[in-house]
There are 2 protein chains.
Amino acid sequence: MEQKQQIKLAVDCIIFGFNNNRLELLLVHRGFEPEKGKWSLIGGYVGNEEDLDDAANRVLYNLSGLENIYMEQVRTWGEANRDPSGRVVSTTYSAMILKSEYNAELVNKYDAQWFPIDELPELIFDHRAMVDSAVRRLRRRVRNYPIAFNLLPEKFTLPQLQMLYEGILSEPLDKRNFRRKVAQMNYFIKLEEKDMSESRKGAYYYRFDEALYAKELNFNL
Amino acid sequence: MEQKQQIKLAVDCIIFGFNNNRLELLLVHRGFEPEKGKWSLIGGYVGNEEDLDDAANRVLYNLSGLENIYMEQVRTWGEANRDPSGRVVSTTYSAMILKSEYNAELVNKYDAQWFPIDELPELIFDHRAMVDSAVRRLRRRVRNYPIAFNLLPEKFTLPQLQMLYEGILSEPLDKRNFRRKVAQMNYFIKLEEKDMSESRKGAYYYRFDEALYAKELNFNL
DNA sequence: GCAAAAGTGTTGTTGGTACACCCATGA
DNA sequence: TCATGGGTGTACCAACAACACTTTTGC
């Protein structure tokens, strides 16, 4: 314990998206040994004068071109042998991004790809456990905190929102109970405009009012 | 980012105890500059080949002499300037120990002292935020997971248990509702023996049956 | 006029909360 | 016998779950 400490510190990002009505993860293809051909979370080392949170944001920015993305620290993985190439302790962060807004060129450059959450390929090291832990955390939190909106555009419809929740929780929800709960939260603002792309009748758009929510903090879905 | 990474990795332990019917924290007195005279969590650097979890256990063992103590990782604190003496990233762990079982000599040697959770002295660096975060986590979890028993002896009475919960949650609980919930969980085993030290009537001892609980996992208090 | 998705209320059940008195015992 | 903490049951209320039909519109 007295010798000089030789531990590298990294961050890994669990990047969620909601595409084709399914919860998906953005993974990068590993083009080099060891574990070449497997997939992995996008990660990077922490800079000497960089906040841990900033490192996670930088890693995400480099891949997606997106800034000011909502991220949460999940937990830190510190088993001595977790990375066979050396001693690396990694803190995981989960992020939510919109496929429509990110920079597809950058993603191509990194050989990244979206995978539905229940059809993940083989991942390197302990990344699978990292993902599972982040998904569990998301499921625990999504009903009590308005975090899922980061996976939808500003304007969204209630059928969209419900499908998102069903995708995250991986269970069907009752339409009327779901909509009643939404109606009880007055920071869901119903707009005049309708989304006509999914049905003939059209579904009203809603938006989520952060400022109004901040006064109540009673989110519940 | 290309230069050699120079970040030290540490663990800090938030050590809970339940003494004199109050939730307390074990803190160590800081006898050197900077921040001399303030109090701090007990912490230490992670060994090069030591699991992060093991480092937390070692730190706790060195202070208390206790092994196989229940610990949970809380979160990792990685702000670049959190420790003015250098770049240190620290992962916090929370632990629960019994005053009656730990090694008082060791604790004296480290100039450690118990403080009720709502009468904490000034702490160094970001340790106060660490404590707050661990307390919030404990309060969130204590009603759904049987973790509080680590703060009681094997045999405990229901009045004891209720006072523990009231201390943790910092709110009074209804005695009858509390006891009904206990009665619904059949892994609370009522013993023949009574604790006669707190009242004339005496209160029955109970024990918590881990194996039975493992089959149900429906803890709720 | 029909197919396809959007939208709408009621009822039963369950879990939570509030609340006051009797019991056992040692001094 | 009395003071002290231990132990017990019921009634109300709120939140949740289950469930089926009508509306709108483009084709």
Pick out the pairs of N or O atoms, protein on one side and nucleotides 22-27 of chain C on the other, that lie under 3.5 Å.
from: dC23(C); atom 1: O2; to: Lys201(B); atom 2: NZ; distance (Å): 3.2

Q.
Of the listed nucleotides (dG9(C), dT8(C), dG9(D)), which one gets closest to any side-chain atom of Arg180(B)?
A. dG9(D)
Q: Measure from the side chain of Lys175(A), starting at C-beta and using heavy atoms only, and say which of dG16(C), dG9(C), dA20(D) lies closest.
A: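 So the nucleotide nearest the side chain must be dA20(D).
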Q.
Assess whether a salt bridge exists between Asp132(B) and Arg128(B), defined as any Lys/Arg side-chain N lying under 4.0 Å from an Asp/Glu carboxylate O.
A. yes
Q: Give a yes-or-no answer on whether the side chains of Ser90(A) and Asp12(A) include a donor-acceptor pair shorter than 3.5 Å.
A: yes
Q: Scan side-chain atoms only and decide if Tyr187(B) and Asn218(B) contain a donor-acceptor pair under the 3.5 Å cut-off.
A: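 Yes.
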Between [N] ([atom2]) and [X] ([atom1]): distance, integer Å:
X         : N       : atom1 : atom2 : answer
Asn177(A) : dG7(C)  : CG    : P     : 16 Å
Tyr204(A) : dT25(D) : OH    : C1'   : 13 Å
Asp174(A) : dG9(C)  : CG    : P     : 14 Å
Lys181(A) : dA18(D) : NZ    : C1'   : 14 Å
Phe178(B) : dG7(D)  : CZ    : P     : 12 Å
Leu169(B) : dT17(C) : CG    : P     : 12 Å
Arg179(B) : dT10(D) : CZ    : P     : 17 Å
Asp195(A) : dG26(D) : CG    : P     : 14 Å

Q. When Cys13(B) is tested against each of Ile69(B), Val74(B), Leu26(B), Val59(B) for side-chain contact (heavy atoms from CB on, under 4.5 Å), which residue passes?
A. Val59(B)
Q | Aromatic contact, Phe188(B) with Phe149(B) (centres under 6.0 Å) | A |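 They qualify: ring centres under 6.0 Å apart.
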Q: Report yes or no: does Thr91(B) contribute a side-chain atom to a donor-acceptor pair with the main-chain N or O of Val11(B) at less than 3.5 Å?
A: no
Q. Mapping Arg143(A) and Arg176(A) to their closest nucleotides on DNA chain D, which lands nearer the 5' end?
A.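 Between the two, 5'-proximity favours Arg143(A).
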Q) Among pairs that include at least one residue of residues 102-112 of chain A, which meet salt bridge (charged side-chain N to carboxylate O under 4.0 Å, His left out), considering only residues two or more places apart or in two chains? A) none
